[in-house]
Amino acid sequence: MDSGTLTTILVVALVVVVLLFLVRAAGIGSRRPRLRALAPESRDKYISDWDEIETKFVDAPEQAVREAEALVMSVLRERGHPLGERDLPQEVQRAHKLGYTSKDKTEGMRQAILHYRAVVERMVGPEDQAQREQRRREMA
């Protein structure tokens, strides 16, 4: 192979790499779903349901993890998020793996709940601190 051919191959490879970076930076090909807003009633129900799941975790962690996953999937579905395995948020994928396949089952379930909580908070939105305190008093 002569140096001219080698130079041509290197230039073409460099152009391809630069184009791939530009496409990725522009977001072409990335599938970011356009999510619908939750109705206030749905938002309040999801927040209330999440509080119940968290209180169950100490006594029934496996059940709490299953319910947390179901709640997260319900929130994603209602907001219009694609539910294909590859489309799910990384936190949901990680939580599922931790909750069901972790060697240290208790720690895995605890980590799964934390990941699911992060998704719920992001998908449902932050709650006013005064409302949260009031609801916790009502639960006690």
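These values consider heavy atoms only, across backbone and side chains, with no hydrogens, waters or symmetry-generated copies. For clarity, every value in this text was computed on a predicted model and none was experimentally measured.
Side-chain N or O atoms of Arg36 include one that pairs as donor or acceptor with a backbone N or O of Glu78 at under 3.5 Å.
For Lys45, the NZ atom sits in a loose shell: 12 or fewer heavy atoms of surrounding residues, nucleotides or ligands are nearer than 6.0 Å.
Counting only heavy atoms from C-beta outward, the side chains of Val92 and Leu76 approach each other to under 4.5 Å. At least one side-chain heavy atom of Tyr100 sits less than 4.5 Å from a side-chain heavy atom of Arg66. Residues Met123 and Leu38 are not in side-chain contact: their nearest non-hydrogen atoms beyond the backbone lie 4.5 Å or more apart. No side-chain heavy atom of Trp50 sits under 4.5 Å from any side-chain heavy atom of Glu121.
Interatomic distance, Gln111 CD to Thr106 OG1, rounded to the nearest 0.5 Å: 12.0 Å. Distance check, rounded to the nearest 0.5 Å: CD of Glu85 to CD of Gln93 gives 6.5 Å. The distance from the CZ atom of Arg117 to the CG atom of Leu71 is 13.0 Å, given to the nearest 0.5 Å.
By the rule that hydrophobic residues join a cluster once side-chain heavy atoms approach within less than 4.5 Å of another member, Leu98 and Ile113 end up as members of separate clusters. One hydrophobic cluster, built from ILVMFWY side chains closer than 4.5 Å, holds both Leu35 and Val119. Hydrophobic clustering (ILVMFWY, side-chain heavy atoms < 4.5 Å, transitive): Phe57 and Leu114 are in distinct clusters.
Considering Arg79, Met73, His81 in turn, Met73 is the only one that fulfils the side-chain contact (heavy atoms from CB on, under 4.5 Å) rule with Arg77. Each of Lys105, Arg110, Lys103 was compared with Glu107 under the side-chain hydrogen bond (donor to acceptor under 3.5 Å, both in side chains) criterion, and only Arg110 meets it.
One finds no salt bridge joining Arg94 and Glu91 here, because no Lys/Arg side-chain nitrogen approaches an Asp/Glu carboxylate oxygen to under 4.0 Å.
Between Ala112 and Val65 the shortest heavy-atom distance is CB-CG1, 4.4 Å.
Counting only N and O atoms by type, the side chains of Asp51 and Ser48 include no donor and acceptor under 3.5 Å apart.
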Side chains of residues 7-22: which donor-acceptor partners sit under 3.5 Å, not counting sequence neighbours?
| residue | atom | partner | partner atom | Å |
| --- | --- | --- | --- | --- |
| Thr7 | OG1 | Ser3 | O | 2.7 |
| Thr8 | OG1 | Gly4 | O | 2.8 |

